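Fair warning: this is a prediction, and the values are worked out from it, not measured in the lab.
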Amino acid sequence: MKEVTLNALAQELGLKAIGRGERTVSLVAAPGTANERTICPVWEERALPLVGKDVPILAPLALFEPGRDGIVSDRPREALPKLLAFFAPERPARRGVHPTAVVDPEASLDPDAWVGPHAVVGPKTVVEGGAEVGAGAFVGARCRVGARTILEPGAVLLDGVCVGRDCILHSGCVLGCDGFGFLPSPDGPVKIPQIGGVEIGDRVEIGACSTVDRGTMEDTVIGDGTKIDNHVQVGHNVRVGRGCILCSMSGIAGSSVLEDGVTLSVQAGITDHVKVGRGAVLAARTGVTNDVPAGAVLSGFPARPHQEAKRAMVLAADLPALFKRLRSLERRLEARSGERESLAEAKR
């Protein structure tokens with residue numbers, strides 16, 4: 001456990017301490033659980049009642065009460081990753097090959113790489129310096145694991161998958177499985193061989209139980225800096241740009257393209273052969289069946305502009321009451337029509 005003064009911690013973060021800068025903290029804690037030995041990030045005034053008066057905070061100057069110690073930051077949300085990284089446990093430095101690992105003689109391992117217990121590395125695969133192949137992970141033939149990339153236990157790279165530098169592939173993710181390609185026939189679906197690969201850029205993170213299918217003829221591509229949550233499906237021949245965010249249970253069907261900076265929220269779905277423009281945002285459960293322009297914010301199914309979709313949802317919630325009013329009006333009109341017919345009949 002690290003122990004550091006507020007002055008030293010502020011210097012590490014490029015910020016300024018306030019109050020008793022010589023007091024020490026040893027952990028980051030959330031409002032409601034923080035104590036005098038921790039530092040608590042606060043960016044909203046409503047959280048202050050949950051933080052004891054003796055707890056140091058990381059917050060804008062306006063949130064500091066008289067006598068409160070801490071570190072001043074105009075943008076505490078942006079400072080939080082660096083703060084957490086400072087207190088995060090360091091990964092043990094490991095290198096070499098565990099005795100139970102299976103490494104093909106044709107594989108090329110940098111001396112500074114690590115292959116853990118019961119892991120497998122196939123022929124003509126390259127594992128670069130500082131990379132880690134965790135316990136039980138599988139790396140097939142003709143793969144590349146870039147420098148400092150981490151394969152957590154149980155991650156799978158099938159043949160022909162190339163992963164860039166400084167990536168994290170979490171447990172249970174599978175890269176390079178066959179794309180879902182079949183042709184209908186009188187005897188049932190005929191499998192289309194998938195002979196492409198998968199190309200993952202630098203600084204990509206792929207969550208647990210997510211899958212990236214290999215391409216039919218060309219590679220499926222994930223751009224630099226893209227972050228993929230748990231339980232995400234990326235189909236064959238898909239091209240995902242740089243800095244995209246794909247949230248849990250979202251899915252992209254074959255041959256679609258996401259340009260740079262696209263966000264897919266939870267359970268968003270994209271059909272095949274669709275292009276989603278740069279910086280577009282798809283809200284939760286959005287279903288995309290046509291191209292999306294750059295910068296658009298869409299929701300609903302079929303996808304439509306978010307504000308329009310919200311208005312439609314509000315109106316849909318009012319439909320039962322509107323239906324009752326409509327039926328009431330119909331009955332009144334029917335009654336009046338009957339009255340007019342009776343008067344006409346009487347006049348005859």
Distance from I228 atom CD1 to H170 atom NE2, nearest 0.5 Å? 11.0 Å

State whether the number of non-hydrogen atoms from other residues, nucleotides or ligands found under 6.0 Å of R37 atom CZ is greater than 12. yes

Please determine, by modelled atom types, if E3 and S26 share a side-chain donor-acceptor pair under 3.5 angstrom. no

Is it the case that more than 12 heavy atoms not belonging to R68 sit under 6.0 Å from its CZ atom? yes

Is the CD atom of E205 crowded by more than 12 outside heavy atoms at less than 6.0 Å? yes

Side chains of R285 and Q267: is there a donor and an acceptor less than 3.5 Å apart? yes

Is it the case that more than 12 heavy atoms not belonging to R94 sit under 6.0 Å from its CZ atom? yes

Going by atom types only, do T226 and R203 share a side-chain donor-acceptor pair under 3.5 Å? no

Is it the case that T5 and E22 place a side-chain donor and acceptor less than 3.5 Å from each other? no

Rounded to the nearest 0.5 angstrom, the CD-CZ distance for E44 and R77 is 6.0 Å

Single hit among N35, V4, I71, V55 for side-chain contact (heavy atoms from CB on, under 4.5 Å) with V25: V4

Identified side-chain contact (heavy atoms from CB on, under 4.5 Å) counterpart of V121 within the set V145, V115, L157: V115

Could you check whether atom NZ of K124 has more than 12 heavy atoms from other residues, nucleotides or ligands sitting under 6.0 Å from it? no

Starting at CG of D69, measure out to CZ of F64 and round the result to the nearest 0.5 Å. 8.5 Å

